[in-house]
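In this text the structure is predicted, and so the values were computed from the model without any measurement. Lettering follows sequence order; numbering is per chain, from 1.
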2 protein chains.
Amino acid sequence: MDLMEQETRLTESQPVPHDHAATPGTLRPGGRTAKVRRAVLDATQDALADTGFHALNMDRIAASAGVGKTTVYRRWGSPVGLVTDLLHDMAEQSLPAADTGGLTGDLRANAELVRDTLTDPRMGAVFRAVIAAAACDEECARALAAFYRTRLAEWAPVVTRAAARGEIPGGTDPVELLRAVSAPLYYRFTITHEELTGAVTERAVTAALAAARDGAFLRE
Amino acid sequence: MDLMEQETRLTESQPVPHDHAATPGTLRPGGRTAKVRRAVLDATQDALADTGFHALNMDRIAASAGVGKTTVYRRWGSPVGLVTDLLHDMAEQSLPAADTGGLTGDLRANAELVRDTLTDPRMGAVFRAVIAAAACDEECARALAAFYRTRLAEWAPVVTRAAARGEIPGGTDPVELLRAVSAPLYYRFTITHEELTGAVTERAVTAALAAARDGAFLRE
DNA sequence: CCCTTAATGGGAGAATGGTTCCGTTAAGAT
DNA sequence: ATCTTAACGGAACCATTCTCCCATTAAGGG
């Protein structure tokens, strides 16, 4: 709850964007302010899941969050600002990595987590929207990158343990291997918009493992 | 020039979207109509390169293309419609695949083509925009998928020849291998927004090759 | 418990983006 | 060469989105 929005708008570059207070929500983050943020972010996620990023609209968010629209404009500034803060919020709620005892199992668990997330009607839509927003705005892109940095760091031990067990070469870069597992899934999700079947995830795991064993992901 | 826009808008689902003619530009694709399309698509690409997808605006496109804005609205309907048609247009201009004599060289050429495209200030921005648009609209997503289907089909022979030479197992799925080369690059481009260095492309090639040799991409 | 003021919220007004109308231009057919 | 009409384009029109002003509410400090 402390790394919330630093600057909501960046289309305008005026030194003092609003009337008084530097950035609303930081100086007096009392119960009401927090409640407003929660309601707005929930409404944002709902809207993204329902209608996607292109239809994201400040007024509607304000209405469905039961919040004054002035507040939404003041604190978040734009649809992209909403998504960016949603990303910060999502980065905070982390769920722990798997530990099946073997690298194959762990990577499979990771791939299936990604698959389940992206194929879930609600979450899939949210991620699509978030990726679209990141493509439109630099600040949002940073938030998205930070989100995945967090996620990947959580899973890195899976690879480190496997290296310790001798399943893969010693100097293997954990993040690099995890990215290799995710990449084919995200490629299909964002570029070719293909269905993410079980075969696809399995193949992603197999291929990444083969490359890792071959030393393709050695830290340089 | 024949597989141009089939239906420009799909936000509304009325059987006859416009006053008369089914879809403008198809019944009488004379010199003027073609010129207008060229001017509009060029202006669209410029706008995407300059300001990105979120700022894509029909009025401005019309103005900078030197075309009536009514025409732009009538033929393309929305910013997403513009991007979709631009994708159809891009799919038509194909550049041939490499043939260096070895699979490693060919895949490296492919990876570097992708990298050069995505790191090019103009083209990179266009692709970013196109990916964002595809995340917002189903029709646009289909156009993007078709674009990459075309591209990948052009490069498939590279893999087929390598299999014939015995560099990789016989039943290797060409498209699957090519996707494996591209995926890490696009993952960084769209998700983590990392810089695409030479090391990244090289690693993408090495990893994909190792997996291919290991039979990870065998057609099932 | 009261006071100060950060933060919210309603509503009016401005701006931007999108639509429609209808006259004009030129592609394709005879 | 002439005719028909698909397609274009200017301008007025309408809707939505955004911004600003100011009264109201409640967080945090005494």
Side-chain angles (χ1 to χ4, degrees), chain A residues 1 4-5 8-12 14 16-41 43-44 47 51 53-82 85, chain B residues 1 4-5 8-12 14 16-41 43-44 47 51 53-82 85:
Chain A
M1 185 75 60
M4 47 202 319
E5 67 286 335
T8 48
R9 75 184 52 181
L10 19 88
T11 47
E12 309 303 312
Q14 26 188 337
V16 178
H18 305 110
D19 354 35
H20 29 78
T23 36
T26 53
L27 282 182
R28 197 187 276 191
R32 181 165 66 158
T33 299
K35 231 171 224 154
V36 165
R37 182 165 110 113
R38 187 72 272 136
V40 168
L41 291 188
T44 300
T51 56
F53 175 63
H54 69 299
L56 194 59
N57 163 262
M58 308 289 277
D59 291 37
R60 228 167 302 157
I61 292 298
S64 82
V67 158
K69 74 174 174 169
T70 312
T71 301
V72 179
Y73 278 109
R74 187 165 32 217
R75 287 187 61 177
W76 289 277
S78 70
V80 188
L82 283 172
D85 195 32
Chain B
M1 185 74 59
M4 47 201 320
E5 68 288 335
T8 49
R9 71 183 55 180
L10 21 85
T11 47
E12 310 302 312
Q14 27 188 339
V16 179
H18 304 111
D19 356 35
H20 31 78
T23 36
T26 52
L27 283 182
R28 196 189 276 191
R32 180 165 68 159
T33 299
K35 231 171 225 156
V36 165
R37 182 165 111 113
R38 188 71 272 138
V40 167
L41 291 188
T44 301
T51 57
F53 175 63
H54 68 300
L56 193 59
N57 162 265
M58 307 291 275
D59 291 38
R60 230 166 299 157
I61 292 299
S64 83
V67 159
K69 80 170 176 171
T70 312
T71 301
V72 179
Y73 279 110
R74 188 165 32 216
R75 286 187 62 176
W76 290 276
S78 70
V80 188
L82 283 172
D85 196 31

Quickly work out the [X] [atom1] to [N] [atom2] distance and round it to whole Å.
X: B:Arg75; N: D:dG9; atom1: CZ; atom2: P; result: 10 Å
X: B:Arg74; N: C:dC21; atom1: CZ; atom2: C1'; result: 11 Å
X: A:Tyr73; N: D:dC22; atom1: OH; atom2: P; result: 21 Å
X: A:Arg37; N: D:dA27; atom1: CZ; atom2: P; result: 17 Å
X: B:Lys35; N: D:dG9; atom1: NZ; atom2: C1'; result: 17 Å
X: A:Leu56; N: D:dT17; atom1: CG; atom2: C1'; result: 13 Å
X: A:Met58; N: D:dC20; atom1: CE; atom2: P; result: 13 Å
X: B:Asp59; N: D:dG10; atom1: CG; atom2: C1'; result: 13 Å

Helix axis bend for the helix from C:dC1-D:dG30 to C:dT30-D:dA1 - C1'-based end axes, five pairs, 10° rounding
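End-to-end axis angle: 50°.
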Can a donor-acceptor pair under 3.5 Å be found between the side-chain atoms of B:Ser78 and the base atoms of C:dG18?
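Not at all, since no donor on one side and acceptor on the other fall under 3.5 Å apart.
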Classify the side chain of A:Arg32 versus the base of C:dT8 as yes if they form a donor-acceptor pair under 3.5 Å and no if they do not.
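Side chain to base: no pair present.
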On the nucleotide C:dT16, are OP1 or OP2 found under 4.0 Å from the side-chain N or O atoms that B:Asn57 carries?
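The answer is no; no side-chain N or O of B:Asn57 sits under 4.0 Å from OP1 or OP2.
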OP1 or OP2 of D:dG9 under 4.0 Å from side-chain N/O of B:Thr71:
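Yes, such a contact exists.
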Among the candidates C:dT8, D:dC8, D:dC21, find the nucleotide nearest to the side-chain atoms of A:Thr70.
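Looking only at side-chain atoms, A:Thr70 lies closest to D:dC21.
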Which heavy atom of B:Ala43 sits nearest to which heavy atom of B:Ala65, and what is that distance?
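Smallest interatomic distance, heavy atoms only, reads CB-CB, 3.9 Å.
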Report the distance from atom OG1 of B:Thr33 to atom NZ of B:Lys35, rounding to the nearest 0.5 Å.
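With rounding to 0.5 Å, OG1 (B:Thr33) is 11.0 Å from NZ (B:Lys35).
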Strictly by side chain to side chain donor-acceptor pair (under 3.5 Å), give each pair with a member in residues 61-70 of chain B just once, sequence neighbours left out.
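For residues 61-70 of chain B, and leaving out neighbouring residues, the side chain to side chain donor-acceptor pair (under 3.5 Å) pairs sorted by first residue read B:Asp59-B:Lys69.
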Distances under 3.5 Å between protein N/O atoms and the N/O atoms of nucleotides 12-15 of chain D, please, pair by pair.
none

Given A:Asp85, A:Thr71, A:Thr44, the one that forms side chain to side chain donor-acceptor pair (under 3.5 Å) with A:Trp76:
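Answer after filtering A:Asp85, A:Thr71, A:Thr44: A:Asp85.
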Got a sec, which residues hit side-chain hydrogen bond (donor to acceptor under 3.5 Å, both in side chains) with A:Arg60, two or more places apart in sequence or on another chain?
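Testing A:Arg60 for side-chain hydrogen bond (donor to acceptor under 3.5 Å, both in side chains), a comparison that skips the adjacent residues, returns none.
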If the condition is side chain to side chain contact (heavy atoms under 4.5 Å, CB included), which residues does A:Ala47 pass it with, not counting sequence neighbours?
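A:Ala47 satisfies side chain to side chain contact (heavy atoms under 4.5 Å, CB included) with A:Leu56, A:Ile61 only.
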Closest-nucleotide mapping onto DNA chain D: is B:Gly68 or A:Pro79 further toward the 5' terminus? I mean the 5' end.
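So the residue in question is B:Gly68.
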For B:Val67 and A:Arg60, take the nucleotide of DNA chain D holding the closest heavy atom to each; which residue's nucleotide lies nearer the 5' end?
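Between the two, 5'-proximity favours B:Val67.
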